[in-house]
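Okay, so here's the structure we're looking at.
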Amino acid sequence: MGLVKTIIIKLIFFLKIYNLFHFLARYQITILYLHGIQTDKPSTWQPLREQTTLTELSNTLTSLSSQYTFISLNKAIQILKKEIPPIKNALVITLDDGYLNNITLGAALFKKFTITPTIFVATEHTSCNKPFWFDRLDYALQQITQPEFTVKLQNKPFTFNCQNRALLKETYQQFRTKIKREFTNDEVMRSYLDKLCHKIETTTGKRLTDIISHEENACLASWQQLKEAQQNNNFEIGSHTVNHARLALSTKETIEFELVKAKDTIEKKLNIPCSNFCYPDNSYNNESLEQVKKYYSTALTTDVGLNKIGDNLLRLKRFNIPTAHISEKVLFKISALRQFISQ
Ligand SMILES: [Zn+2]
């Protein structure tokens, strides 16, 4: 199937069908997102969640540079607001969550391609180098030496299979899907996860918090490092709430706090205006969107698609960074042609 797919994609390019759709969509803006960047050599802790390696990122950016012009998010917004003329085949790179490796590993690569990325930070995590629950739990689970570990989830037992990495990865994924279904309030879920991580950490005696400052897959950029990235490498900084809160599952008061405090902290710590927002976990609804509108001029989702003038600036669409061994596959994954086919 892989070979057939490769031949079809190669044909699409050979027959210039890709080019036709790329041309027709030339004034639409593509926005990509990624999270952590990791080196190709094994780390002390290998997250269960898929990571983008530096080599993959480099290959992808090389492929993209043949078809796109990299622009900053702020420039893209000016285009979408019709404040400046459009740029053909414009593409924006965004980085979610504020990992330090975005700067230590990514900055040189972004500079090479004259990319001005936007990094979205959750301010409490940035301020305290506090691991996100998904990293903390991932690390904690990998320290378990027993074959199984059973926890209580809404009074029902849930068993993590710790026999090997593949099985743990599978049960961790099931657990994440389950908790997102079980909890209707984000704060209640985060409090539950905090207690759960604490329980596992007490059992194993190992905590990500203790090693985060030198754990390159989890360490978060400090305000000082963000300031330097902004001044020396043209990074733009946006808001990703205070606590990586899922807005659609938060109360009105919590949303207000998460939006205002994050904006205020970024503006004070970095001495820059902060008007771009990114929804953690792509969680938003009409009410939270109305609240976002009070403090930010734009907000980014992970809803898939291209962006054009006239689109709602509080629901900008993005693609996950495409990676593949073949350049045509990278380009096809985010292409206007693929969008057309999937509609
Ligand atoms: Zn996030």
Side-chain angles (χ1 to χ4, degrees), residues 31-38 47-52 57 73 92-103 105-106 117-139 172-173 175-177 179-180 183 186-187 189-190 193-194 197 208 212 215-223 225-226 229 235-250 254-255 257-259 261-263 265-266 274 276-285 288-289 291-292 295-296 298-304 314-321:
I31 310 177
L32 307 183
Y33 69 92
L34 65 148
H35 297 90
I37 302 168
Q38 69 169 38
L48 297 166
R49 183 165 85 121
E50 294 301 326
Q51 305 280 306
T52 308
L57 182 60
L73 178 61
V92 178
I93 300 284
T94 61
L95 306 154
D96 286 9
D97 300 339
Y99 289 104
L100 177 59
N101 56 39
N102 292 170
I103 301 170
L105 296 175
T118 294
I119 186 163
F120 286 101
V121 300
T123 56
E124 178 67 9
H125 293 270
T126 298
S127 293
C128 308
N129 205 356
K130 177 183 167 186
F132 293 102
W133 71 259
F134 38 85
D135 284 339
R136 186 181 168 196
L137 182 56
D138 184 319
Y139 178 85
Y172 183 46
Q173 182 56 50
F175 178 78
R176 278 156 57 193
T177 309
I179 51 167
K180 284 178 185 175
F183 290 94
D186 190 60
E187 277 181 285
M189 185 188 88
R190 277 186 278 124
L193 288 165
D194 189 49
C197 287
L208 181 57
I212 190 167
E215 174 40 71
E216 56 188 22
N217 286 323
C219 188
L220 299 164
S222 66
W223 292 115
Q225 287 158 333
L226 289 168
F235 276 54
E236 291 177 356
I237 321 290
S239 164
H240 203 36
T241 73
V242 177
N243 295 298
H244 204 264
R246 292 177 301 160
L247 300 191
L249 300 175
S250 300
T254 301
I255 297 173
F257 168 79
E258 293 285 341
L259 296 176
K261 178 87 189 290
K263 181 183 171 76
T265 305
I266 292 168
C274 174
N276 300 330
F277 180 77
C278 171
Y279 301 99
D281 214 24
N282 202 32
S283 174
Y284 66 91
N285 53 20
S288 52
L289 200 133
Q291 279 179 276
V292 170
Y295 307 105
Y296 299 92
T298 51
L300 281 69
T301 68
T302 51
D303 298 340
V304 171
L314 296 168
R315 289 180 62 176
L316 291 178
K317 301 185 194 85
R318 296 190 293 171
F319 294 93
N320 195 0
I321 188 106

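Indexing begins at 1, ligand by ligand and atom by atom, following the structure's order.
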The Zn ion (ligand 1): which protein N, O or S atoms are under 2.8 Å away? Asp97 OD1, His240 NE2, His244 NE2
Residues in ring-ring contact (aromatic ring centres under 6.0 Å, His included) contact with Tyr172, at least two apart in sequence or another chain: none
Does Tyr295 have any ring-ring contact (aromatic ring centres under 6.0 Å, His included) partners at least two apart in sequence or in another chain, and if so, which? none
Go through the structure and list residues passing side-chain hydrogen bond (donor to acceptor under 3.5 Å, both in side chains) with Asn129, not counting sequence neighbours. none
Can you name the one residue among Thr302, Asp96, Leu289, Thr241 that meets side-chain contact (heavy atoms from CB on, under 4.5 Å) with Tyr279? Leu289
Would you please say whether a donor-acceptor pair under 3.5 Å links the side chains of Gln38 and Asn101? no
Between the side chains of Arg190 and Asp186, is the shortest nitrogen-to-carboxylate-oxygen separation below 4.0 Å, so that they form an ion pair? yes
